[in-house]
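Reading through the C-alpha cells given below for one structure.
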Amino acid sequence: MISTRLPTPGRGPHPERPYAVGATVPHTPLRPIWCCRACGQPWPCATARLLLRAEYESNPIGLSIYLAGLMYEAMRDLYHLNPHDGPEPAALFDRFVAWGPRRSHPAR
Ligand SMILES: [Zn+2]
C-alpha cells in the first residue's frame, strides 16, 4: 500500500546556545513555552540574538541551520500546547529565522 503520509521527522537540535556568559543564567529557551529563561522574553530575545551572532560569527550557515531546527522544535511544542490557536507559521519564521544571517545573492 502506498501512503501519501510523510514520516514524522526526528528531533531538532538541543537549544543549548547561546552559552552562558560568566555565572549568569543563559539566554536559552525555556521549553515548552519558548520564552527566555533569563529575561522571560519570547526566545530568541534581543540578548540571545546578539550572543548567537557573536558565537556564529564565522559560521553563518551553522546559525541558520540551528535557528531553523529550533523553529521546528518550537512549532512542535507550541502547536502541541495550543493546537487550535497556536502562532502563525510566518510569525514563527520571523521570530526564529528571518533575523538571522542574510542570504547573499549570486553574482549576476
Ligand atoms: Zn533573554
Side-chain angles (χ1 to χ4, degrees):
M1 180 173 155
I2 297 174
S3 172
T4 57
R5 187 180 170 124
L6 296 172
T8 302
R11 305 297 296 191
H14 183 71
E16 61 189 7
R17 293 179 175 217
Y19 294 127
V21 178
T24 61
V25 175
H27 287 262
T28 52
L30 189 61
R31 297 178 75 169
I33 57 174
W34 289 83
C35 66
C36 177
R37 69 181 65 243
C39 66
Q41 296 297 309
W43 195 90
C45 62
T47 302
R49 292 179 186 199
L50 281 172
L51 293 172
L52 285 169
R53 280 191 185 276
E55 286 183 21
Y56 283 91
E57 184 178 9
S58 63
N59 185 11
I61 294 172
L63 177 56
S64 291
I65 293 169
Y66 182 67
L67 292 171
L70 291 186
M71 179 186 71
Y72 171 77
E73 286 294 296
M75 286 178 170
R76 184 196 302 257
D77 288 347
L78 295 172
Y79 296 148
H80 182 77
L81 283 176
N82 198 353
H84 303 293
D85 196 23
E88 291 291 323
L92 287 177
F93 179 84
D94 289 344
R95 175 176 160 187
F96 280 84
V97 179
W99 66 271
R102 299 272 181 211
R103 284 180 288 171
S104 60
H105 297 281
R108 295 184 179 137

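Source: prediction; values computed, not measured. Order of appearance sets the numbers: ligands from 1, and atoms from 1 within every ligand.
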Counterpart residues, side chain to side chain donor-acceptor pair (under 3.5 Å), relative to Y79 (two or more places apart): none
Under a 4.5 Å cut-off applied to non-hydrogen side-chain atoms, are [X] and [Y] in contact?
X   : Y   : answer
R11 : R76 : yes
P87 : L78 : yes
P44 : F96 : yes
Y56 : L67 : no

Closest non-hydrogen atom pair, R31 against D77: NE-OD2, 2.8 Å
The Zn ion (ligand 1): protein N, O or S atoms that are less than 2.8 Å away, sorted by chain: H27 ND1, C36 SG, C39 SG, C45 SG
